[in-house]
S.K.: 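I'd like to ask some things about the structure below.
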Amino acid sequence: MLRSKAFNLLKSIHLMSGQPKLAYKGIHPVIASHGHRSHRSVGYRQRYKTGAGSAGGRTLSAPQTKAMSEKELPGLLILDIGGTYGVQENIVALLKKHFCLITMKEFLENKKEMSKKIQSVFVSECRPTVDQELLESLPNLKVIGNSGVGVDHLNLKMISNFGVKVTNTPHAVADSTADIGMALMLASARRLVEGSQIAISPHTKYFAVDWLGVEVTRATLGIIGMGRIGYKVAQRARAFEMKILYHNRKQRRKEEEQAVGAHYCEKMEDLLQQSDFVMLVVNLTPENHKMIGKKELGLMKPTATLINIGRGALIDQDALVEALQNNVIRAAALDVTYPEPLPRDHPLLKLNNIIITPHIGTATVQAIQMMAEEAIANMLAVLNGQPIPSEVFPK
Ligand SMILES: O=CC(=O)O
């Protein structure tokens, strides 16, 4: 999934004078003037490397945006603005520079007219999805721009049967998601949430804990999924002098291995048996659904911690409840569950050897901005008939 030098492709994105500026390393923004106003398009010249080394680069040429008034801009359907599933205001402003935005409410109120205009749909990760009914009512739809890397909420085969492309944002999410993996590992190891509760409790008279944490430094980290995010985790883990093991189901990553001093475990079982921390960093597919179940948990050390920053359904949650209740493993730290949120009476919520965060891997000011930029670049590339930076294909 992840390649090393290409990891550095997307470096930073800034808004200058209210105009988006792509400032990724290796992606040069193309500024298109649009009559009375200067409009910065998400055109770019991007050099892709196919591996951690320098070999295999290819150059993609920039999609150009023609001068257009707001109404002439391609129609983009967004689910909503603000609220739980909505797009944030600053991202709305960014999208508006390139698209004529149509909210779901506007679409439903005036389906006949709006359906002809809509050429793209902007989808936030794991939010209510694009179904057959919607696809049938959008005859001019060309692309679904997913803001996020995981596309398990989209039926890729069905979408492709409508001749619609799907894109995602693997570069933009990598740092923030790797950070949340490290944050969960450290928080669980040092029992930060419990510690915080003691520190802020009105009943606390003096500071003393009757438990101890474990150290991350020099421990063994097993990364399941050495892709773009997994590699970023490994880079961070190096700074903690961790021994890094990894398992990829399909492909060994020799260059990344060497770059971070990681050891490849051909069998996931070996990684599970040896690791102090096991981190799941894979996309959800039909093949890896519940890949960590009773048997796998049983292989882990009783002192080990399971961290999940992929998708909730990678873990058999009933088996995890049992393992945590019976101290088969030390603890779990999950940024993702199935479903999200868990029902309030779910047994996982009653345990004290678990940390659960509400799927906040990419919930940073920077990541949200970069994801929107990457999604815009993808969608414009499709609409302009240019090479698409990050297209996702049905298996
Ligand atoms: O969950 C986050 C993503 O899919 O990018």
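Keep in mind that what you see is a predicted model, and the values were worked out from it rather than measured. By convention here, the first residue in the shown sequence is residue 1. Numbering of ligands and ligand atoms starts at 1, following listing order.
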S.K.: Hey, can you tell me if Tyr264 and Tyr246 have their rings parallel, tilted or perpendicular (30° and 60° cut-offs)?
M.R.: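 Judged by the thresholds at 30° and 60°, the geometry between Tyr264 and Tyr246 is tilted.
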S.K.: Which ligand 1 atoms, with their elements, are less than 4.0 angstrom from a heavy-atom of His359?
M.R.: 1 (O), 2 (C)
S.K.: At a non-hydrogen distance cut-off of under 4.0 Å, which region of Met371 contacts ligand 1 (side chain, backbone, both, or neither)?
M.R.: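 Neither part.
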S.K.: Charged N to carboxylate O below 4.0 Å: is that the case for Asp345 and Lys350?
M.R.: no
S.K.: What I want to find out is whether Glu269 reaches Lys295 closely enough, with some N-O distance under 4.0 Å, to be called a salt bridge.
M.R.: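 Result for this pair is yes, salt bridge flagged.
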S.K.: Gly148 to ligand 1: N or O pair under 3.5 Å?
M.R.: no
S.K.: Is the closest side-chain donor-acceptor distance between Glu374 and His171 under 3.5 Å?
M.R.: yes
S.K.: Give the atom numbers and elements of ligand 1 that come within less than 4.0 Å of a heavy atom of Val173.
M.R.: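 Within the 4.0 Å cut-off of Val173, ligand 1 contributes 5 (O).
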